[in-house]
Protein chains: 2
Amino acid sequence: MSISERKEREKKEMRQAILDAALNLFREKGYDAVSIRNIAEAIEYSPATIYLYFKDKNEIFFALQYEAAAVKRDHLLPVAQIEDPWQRLTEFGRRYIDFGMKHPGLYDLLFIIRAPMESVENQECWLLGMSVHKFFEDTVQACIDARYFKSTDAKTIAYTLWCHAHGLVSLFVRDRMRMYPPEERGELARKSFAMLLKMAETL
Amino acid sequence: MSISERKEREKKEMRQAILDAALNLFREKGYDAVSIRNIAEAIEYSPATIYLYFKDKNEIFFALQYEAAAVKRDHLLPVAQIEDPWQRLTEFGRRYIDFGMKHPGLYDLLFIIRAPMESVENQECWLLGMSVHKFFEDTVQACIDARYFKSTDAKTIAYTLWCHAHGLVSLFVRDRMRMYPPEERGELARKSFAMLLKMAETL
DNA sequence: AAATTTACTGAACACTGTTTAGTAATGTCA
DNA sequence: TGACATTACTAAACAGTGTTCAGTAAATTT
């Protein structure tokens, strides 16, 4: 059955080609500014062809969101190797912010864009994101167990750290740091992260 | 010149009617989901009429952004009455978060939606926002002067506090707290704000 | 009363997401 | 090999979008 195998492979390639083109366009112009016709033109097929591979424009979005979640996981999970929980937590935070800065388009996709949460694709994405979030909360708990924190409220600690990191990245990604000169922004973010760590040590 | 006065008044009323209708629709359905035709229908005029009062759809957005900035200022600036800088700062933070929770549509308009920043309307909005931000940074500086903080890096402290508050609000506004049961979210946000204040005391 | 200015609109243009009917090529099987 | 079925794709259409413009009817000025 080599023929049907080739067909299936080609189908996957086509699907991926659509996703690649879509991601490039989304990153350049944003989700709403990209039309199905734009994507179709980029892959040199008719708009209707896209609908043979994706139910609608949303489903393309969901598939990309899943890809973004996978990239994020791969960016973060290497820290699982770090034994010391406090070091693991700080490196996790550093990498979380680094992911957002390096892939603003993906971060947008995952945490900022207003998106309906329905499809199967998206449920997988959700589960993936949840597992990373659980790893994060577990690391906070490990810090508590190792007496790095006096507080024992792991959930609130994790959420508070997350708020800071998300706030930092999304102010950056959505260009709400105009009051700070461009060349200072990176430095300010780094200083703020360091300040948060200092503060967190007193928890 | 009572006639021309009436005309000018009517012109302002029409402009405001368009803005009111647009804001209602934007809050219900989001910026992109609202069409000029929807707004026109709401005020019972033809779509073309809208263009006599606004250059394009973006300019309606800018005008609303300015209104949002004014609402935010009115929500926050009463704390200027509070003498003690630390109390002033904490109440400012509480109100900032409160504003975001109470007016998610306006918060979105101001800090999340990807928006080109060009028009005159928008420049006024920017100046308004800057003045509130300056008040915030001044309050942090006042806390430093009153020895509430050991650190003297007002800018980084202000930015760090802002990151947390913005992260907290925007995770809420953009519905990224699904891992926490709905009835716990408010409580978690309150706890996190309290935790940040506790941490900030050690700065 | 005539001329001008104002406020508004219908209809069009080029775009959007999506559906449908149809085509041309490929794969299957007698 | 020839007939049939499936696959992969598309042109064209539908209803929607932001926006423009020629035209109109009413209000105001002369």
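Order of the sequence lines sets the chain letters (A, B, ...), proteins ahead of strands, with each chain counted from 1.
Listed by first and then second residue, the salt bridge (Lys or Arg N to Asp or Glu O under 4.0 Å) pairs involving residues 82-95 of chain B are B:Glu91-B:Arg94, B:Glu91-B:Arg95 (not counting sequence neighbours).
The number of heavy atoms from other shown groups lying within 6.0 Å of CD (B:Glu183) is above 12. Taking a 6.0 Å sphere around CD of B:Glu41, one finds it holds 12 or fewer heavy atoms contributed by other residues, nucleotides or ligands.
Not a single ring pair (Phe, Tyr, Trp, His ring centres under 6.0 Å) links B:Tyr53 to another residue, sequence neighbours left out. Every side-chain contact (heavy atoms from CB on, under 4.5 Å) that B:Asp20 has, sequence neighbours left out, goes to B:Gln16. For A:Phe149, the side-chain contact (heavy atoms from CB on, under 4.5 Å) criterion is met by A:Trp86, A:Leu89, A:Val140, A:Cys143, A:Ile144, A:Ile157, A:Ala200, A:Leu203, not counting sequence neighbours. Shown here are the side-chain contact (heavy atoms from CB on, under 4.5 Å) partners of A:Phe99, two or more places apart in sequence or in another chain: A:Val71, A:Lys72, A:His75, A:His103, A:Leu106, A:Tyr107, A:Leu110. Partners of B:Glu137 by side-chain contact (heavy atoms from CB on, under 4.5 Å), not counting sequence neighbours, listed by chain and number: A:Tyr180, B:His133, B:Lys155, B:Ala158.
Between A:Asp56 atom CG and C:dT16 atom P there is a gap of 17 Å when expressed in whole angstrom units. Here D:dA12 presents its C1' atom at 17 Å from CD1 of A:Ile36, a figure rounded to the nearest Å. Rounding to whole angstrom units, NZ of residue A:Lys11 and P of D:dT6 are separated by 14 Å. We find that CD1 of B:Ile50 is positioned 16 Å from C1' of C:dG10, with the value rounded to whole Å. When the P atom of D:dT17 is taken as reference, atom CG of B:Leu25 falls 12 Å away, rounded to whole Å. Atoms NZ (B:Lys57) and C1' (C:dC15) sit 14 Å apart, rounded to a whole Å. Spacing between atom CD1 of A:Ile18 and atom P of C:dG17 amounts to 14 Å, rounded to whole angstrom units. Rounded to whole Å, the distance from OH on A:Tyr53 to P on D:dT10 is 9 Å.
Along DNA chain C, the nucleotide closest to A:Lys55 and the one closest to A:Ala33 are compared, and the more 5′ of them pairs with A:Ala33.
The phosphate of C:dC8 has neither OP1 nor OP2 within less than 4.0 Å of any side-chain N or O from B:Tyr51.
Across its full length, the helix from C:dA1-D:dT30 to C:dA25-D:dT6 shows an angle of 30° between the axes of its 5 terminal pairs at either end, rounded to 10 degrees.
Residues from residues 37-48 of chain B with heavy atoms under 4.0 angstrom of DNA chain D, sorted by number: B:Arg37, B:Asn38, B:Ala48.
The B:Thr49 side chain lies nearest to C:dT9 when the options are C:dT9, D:dC9, D:dT19.
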Tell me which donor-acceptor pairs under 3.5 Å the side chains of residues 188-197 of chain B have, and how far apart each pair is, sequence neighbours excluded?
residue: B:Arg190; atom: NH1; partner: B:Glu187; partner atom: OE1; Å: 2.9
residue: B:Ser192; atom: OG; partner: A:Thr160; partner atom: OG1; Å: 2.7
residue: B:Ser192; atom: OG; partner: B:His164; partner atom: NE2; Å: 2.9

